[in-house]
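Worksheet: one structure, shown below.
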Protein chains: 2
Amino acid sequence: MMTTGTAAPPAPLLPGELDRPAAPPTRTKRVTEAVAAARRILEEEGPNALTMRRLADEMGIRAPSLYKHLSGKADLELLLIEDALFDAGEATHRALHDPGPHSPLLNLLVAYRAFAMTRPNLYRLATSGPLVRQSLPEGLEDWAGNPWFVVTGDSSLAQALWSLAHGMVILELDDRYPPGSDLDATWRAGAVAFERGAAVSERSVDEFVWSTVTRAPSSPQDPVAPRLSDG
Amino acid sequence: MMTTGTAAPPAPLLPGELDRPAAPPTRTKRVTEAVAAARRILEEEGPNALTMRRLADEMGIRAPSLYKHLSGKADLELLLIEDALFDAGEATHRALHDPGPHSPLLNLLVAYRAFAMTRPNLYRLATSGPLVRQSLPEGLEDWAGNPWFVVTGDSSLAQALWSLAHGMVILELDDRYPPGSDLDATWRAGAVAFERGAAVSERSVDEFVWSTVTRAPSSPQDPVAPRLSDG
DNA sequence: TGACATGGCTAACATCGTTAGCCATAATGG
DNA sequence: CCATTATGGCTAACGATGTTAGCCATGTCA
């Protein structure tokens with residue numbers, strides 16, 4: 001669960017580690033309840049069950065009344081994503097400090113995988129589709145991604161390692177690996193590659209450019225409504 | 001575009017390379033048209049535009065008439081996924097044979113990234129959410145994933161590398177990297193890690209087990225209807 | 001020629017997110 | 001102390017979505 005604003009035991013920051021960002025914009029009691037209920041429904045009954053009517057039901061009211069507290073479903077999902085990012089940040093930062101049995105990099109991977117596996121639907125919701133970046137609390141995204149930098153010491157390597165972790169997590173959640181795959185071995189293989197890569201100088205490679213790779217011109221995605229404040 | 005069943009110039013197979021799987025189950029002319037139209041709509045107008053009514057419109061008929069050819073929207077999407085897997089397999093197998101300017105591993109990554117970037121919405125559709133494995137043509141999945149094994153020589157390493165590629169692709173498509181990120185550098189960093197890892201003996205690592213990491217008990221996803229044949 | 005399969009159509013339904021507009025109660029201010 | 005306003009519920013309803021039921025024209029073929 002998310003501990004909004006309550007100060008944690010102040011562990012000394014590691015070199016390169018960011019401090020926890022300001023708490024997210026204050027939430028009404030009722031909004032907090034709605035988010036909690038939504039989270040419960042999402043995780044226990046799946047994403048299809050998370051409808052405005054079902055959510056209202058869970059709160060003992062009718063669907064239209066939800067709009068007295070939330071601007072719409074997109075707003076609700078944004079709040080869930082906020083929670084997920086806070087939780088993920090907490091879990092991964094903790095992995096940096098806890099005396100895990102392995103290397104920091106491996107501890108981080110283990111923590112990330114465990115985080116995702118224990119709340120798969122929330123993880124999927126928070127990491128799939130275009131991100132509504134400007135609606136998130138200031139600094140949250142940076143803080144949540146910071147452990148990957150702390151562990152690798154390089155921003156490109158950090159992004160690559162996070163990509164690997166996310167890729168493995170989401171493919172595992174979606175059952176995309178061939179049946180019978182030894183996923184632990186897959187994670188191990190990935191960890192090994194980066195464990196070795198992180199220790200090595202950043203630019204021992206030929207200057208390869210990806211310039212031939214470009215995005216298809218103006219490929220539309222789904223529009224995402226900007227966040228509205230509590231009404 | 002997909003070249004269903006038409007034989008390609010028979011390039012000699014590389015060691016470990018799988019042969020192209022049998023062509024997908026025959027599609028009616030009308031079904032083929034529907035899939036083509038759907039693909040056009042999806043890529044040019046985004047996933048939200050891919051509606052049964054919109055698709056019917058594109059074909060000059062009314063929505064209910066679509067059900068004379070397809071069992072439902074899930075069926076249509078499955079056909080799109082089939083196409084995407086064939087195309088991806090073609091692109092990546094070609095990367096193995098073309099005299100690319102780089103190492104095989106790098107050539108593969110470049111091809112994969114380019115493939116995804118040129119049809120982002122189809123890629124997202126084909127790789128997001130639970131896979132309806134039993135509805136896919138026999139051998140398609142294995143064949144499409146085979147290049148990753150050819151390049152790494154090890155199944156765990158192959159899955160990890162594919163995970164990295166998918167992670168980077170999907171995060172790039174969804175704009176999940178912090179603004180201003182040098183994504184080429186990220187891909188380079190990832191490639192380097194695996195370039196080095198692939199050359200090394202598979203088991204130079206301590207025997208790490210992930211046994212503490214388990215899935216949340218019975219977390220529901222969205223049910224997926226099994227594929228029905230053409231009606 | 002008649003039976004049947006093919007492939008269109010309209011009408012309609014359930015479910016979804018969402019809006020409009022009503023009303024009771026609580027809070028607030030002259 | 002009462003009037004006014006804000007809060008937060010409600011019902012009714014709308015438009016979009018996937019989908020089904022049932023009708024009918026046309027072509028195929030025994």
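Lettering of chains follows the sequences in order, A, B, ..., and the numbering in each one begins at 1.
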Side-chain donor/acceptor of A:Ser181 to backbone N/O of A:Tyr177, under 3.5 Å: no
Report yes if at least one side-chain N or O of [X] is closer than 4.0 Å to OP1 or OP2 of [N]; otherwise report no.
X	N	answer
A:His69	D:dG9	yes
B:Arg62	C:dG8	no
A:Arg30	D:dG9	yes
B:Ser65	C:dC9	yes

Set of residues satisfying side chain to side chain donor-acceptor pair (under 3.5 Å) with respect to [X], sequence neighbours excluded:
X	result
A:Thr186	B:Gln159
A:Trp143	A:His93
A:Tyr123	A:Tyr112, A:His166
A:Glu141	A:Arg133

salt_bridge(A:Asp87, A:Arg39) N-O dist < 4.0 Å: yes
In whole angstrom, what separates [X]'s [atom1] from [N]'s [atom2]?
X	N	atom1	atom2	answer
A:Asp57	C:dT15	CG	C1'	14 Å
B:Lys68	D:dT26	NZ	P	16 Å
B:Leu66	C:dT6	CG	P	17 Å
A:Arg54	C:dG17	CZ	C1'	17 Å
A:Ile61	D:dG8	CD1	P	11 Å
A:Leu70	C:dT19	CG	P	12 Å
B:Met59	C:dG8	CE	P	7 Å

Which residues share a salt bridge (Lys or Arg N to Asp or Glu O under 4.0 Å) with A:Arg62, sequence neighbours left out: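 If we apply the salt bridge (Lys or Arg N to Asp or Glu O under 4.0 Å) test to A:Arg62, skipping adjacent residues, there are no hits.
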Between protein and nucleic acid, restricted to nucleotides 16-19 of chain D and to nitrogen or oxygen atoms under 3.5 Å apart, what atom pairs and distances do you find?
| residue | atom | partner | partner atom | Å |
| --- | --- | --- | --- | --- |
| D:dT17 | OP1 | B:Thr51 | OG1 | 3.3 |
| D:dG18 | OP1 | B:Lys73 | NZ | 3.1 |
| D:dG18 | OP2 | B:Met52 | N | 3.0 |
| D:dG18 | N7 | B:Arg53 | NH1 | 2.8 |
| D:dG18 | O6 | B:Arg53 | NH2 | 3.1 |
| D:dT19 | OP2 | B:Tyr67 | OH | 2.9 |
| D:dT19 | OP2 | B:Lys73 | N | 2.8 |
| D:dT19 | O5' | B:Tyr67 | OH | 3.2 |

Any pair counted as ring pair (Phe, Tyr, Trp, His ring centres under 6.0 Å), so long as it reaches residues 41-63 of chain B, sequence neighbours left out: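 Ring pair (Phe, Tyr, Trp, His ring centres under 6.0 Å) check on residues 41-63 of chain B returns no pairs.
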Degree of bending in the helix from C:dT1-D:dA30 to C:dG30-D:dC1 once both end axes are built from five pairs, to 10°: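 It comes to 10° between the two terminal axes.
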By side chain to side chain contact (heavy atoms under 4.5 Å, CB included) - contacts of B:Ala144 (at least two apart):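 With neighbours one apart ignored, the set is empty.
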